[in-house]
Asker: 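Provided herewith is a single structure, encoded as structure tokens, for subsequent inquiry.
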Amino acid sequence: MNITGEQKVLAILAHLAYLLGGLGFIVAPLIIFLLKKDDPFVYEHAKQALIAHLAILILSIITSLLCMIVIGVLLLPVIALLWLLLLVTSVIAAVKAINGEYYEYPLIQKLVQKL
């Protein structure tokens, strides 16, 4: 299969959407995911990115809520490590997309397969 430049750009955008700030890291992969269902390469990359970004968002919200009752303070280093993991894995995913390859984020494949 020949992967076009547009497909690569959309896949990279899905993975690195957190650079957009705010909720762009959820909105961008969601839009790409919904609009590119007919393109297996872009669709799979957007799905991986969307699930990874949603998982980080949910874990961050839970930790923030727990911080209000002090317990969450102990989880802040864990969340920092998860965000670092997202940064590293999304860069790896973007490089894979540039090379026209697929990528699966670690730890979330059961969620991805259900979507």
Asker: What do the steps show when you test Lys96 against Glu104 for salt bridge (Lys or Arg N to Asp or Glu O under 4.0 Å), and what is the final call?
Answerer: CA-CA 10 Å; Lys96 293 282 190 179; Glu104 293 183 350; over 6 Å; no
Asker: Identify the two heavy atoms, one from Ala93 and one from Tyr105, that lie closest to each other, and give their separation to 0.1 Å.
Answerer: CB-OH, 4.0 Å
Asker: Could you tell me the separation between the CG atom of Leu20 and the CG atom of Leu13, rounded to the nearest 0.5 Å?
Answerer: 6.0 Å
Asker: Indicate the atoms forming the closest heavy-atom contact of Ser60 with Ile79, along with that distance.
Answerer: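 Looking at all heavy atoms of both residues, the shortest contact is OG-CG2, 3.8 Å.
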Asker: I'd like to know whether Val112 forms a side-chain contact (heavy atoms from CB on, under 4.5 Å) with Glu44, so could you lay out the CA-CA distance, the side-chain angles of the two residues, the decisive distance to 0.1 Å, and finally the verdict.
Answerer: CA-CA 9 Å; Val112 171; Glu44 188 61 31; 4.1 Å; yes
Asker: Can you hop from Ile98 to Val9 via hydrophobic side chains spaced under 4.5 Å?
Answerer: no
Asker: Output the distance between atom OH (Tyr43) and atom CD (Gln48), rounded to the nearest 0.5 Å.
Answerer: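 Rounded to the nearest 0.5 Å, the OH-CD separation comes to 11.0 Å.
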Asker: I need the minimum non-hydrogen distance between Ala52 and Ile108, along with the two atoms involved.
Answerer: N-CD1, 3.6 Å
Asker: Considering the options Gln7, Lys8, Glu6, which one meets the side chain to side chain donor-acceptor pair (under 3.5 Å) requirement together with Thr4?
Answerer: Gln7
Asker: Mind listing the closest non-hydrogen atom pair of Pro29 and Ala14 along with its distance?
Answerer: CG-O, 3.8 Å
Asker: Could you tell me which non-hydrogen atom of Ile32 sits nearest to which non-hydrogen atom of Ala46, and how far apart they are?
Answerer: CG2-CB, 3.7 Å
Asker: After noting the C-alpha distance and the side-chain angles of Leu19 and Leu16, does the key distance pass the side-chain contact (heavy atoms from CB on, under 4.5 Å) rule?
Answerer: CA-CA 6 Å; Leu19 296 174; Leu16 300 180; 4.0 Å; yes
Asker: Do side-chain atoms of His53 reach the backbone of Ile26 as a donor and acceptor pair under 3.5 angstrom?
Answerer: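 No: the side chain of His53 does not pair with the backbone of Ile26.
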Asker: How are the rings of Tyr103 and His15 set to each other: parallel, tilted or perpendicular (split at 30° and 60°)?
Answerer: perpendicular
Asker: What's the separation between atom CG in Leu87 and atom CG in Leu82, rounded to the nearest 0.5 Å?
Answerer: 12.5 Å
Asker: Heavy atoms only: give me the nearest Ala97-His45 pair and the separation to one decimal.
Answerer: CB-CE1, 3.9 Å
Asker: side-chain contact (heavy atoms from CB on, under 4.5 Å) between Trp83 and Ile56: does it pass, once the steps are laid out?
Answerer: CA-CA 7 Å; Trp83 276 97; Ile56 290 291; 3.0 Å; yes
Asker: Is the closest side-chain heavy-atom distance between Pro40 and Tyr102 below 4.5 Å?
Answerer: yes
Asker: Decide whether Phe25 and Leu81 are clustered together by the hydrophobic rule: side chain heavy atoms of Ile, Leu, Val, Met, Phe, Trp, Tyr closer than 4.5 Å, transitively.
Answerer: no
Asker: Please evaluate residues Leu10 and Phe41 with respect to the criterion side-chain contact (heavy atoms from CB on, under 4.5 Å), reporting the C-alpha separation (whole Å), side-chain torsions for both, the decisive distance (0.1 Å), and the verdict.
Answerer: CA-CA 10 Å; Leu10 289 172; Phe41 180 78; over 6 Å; no
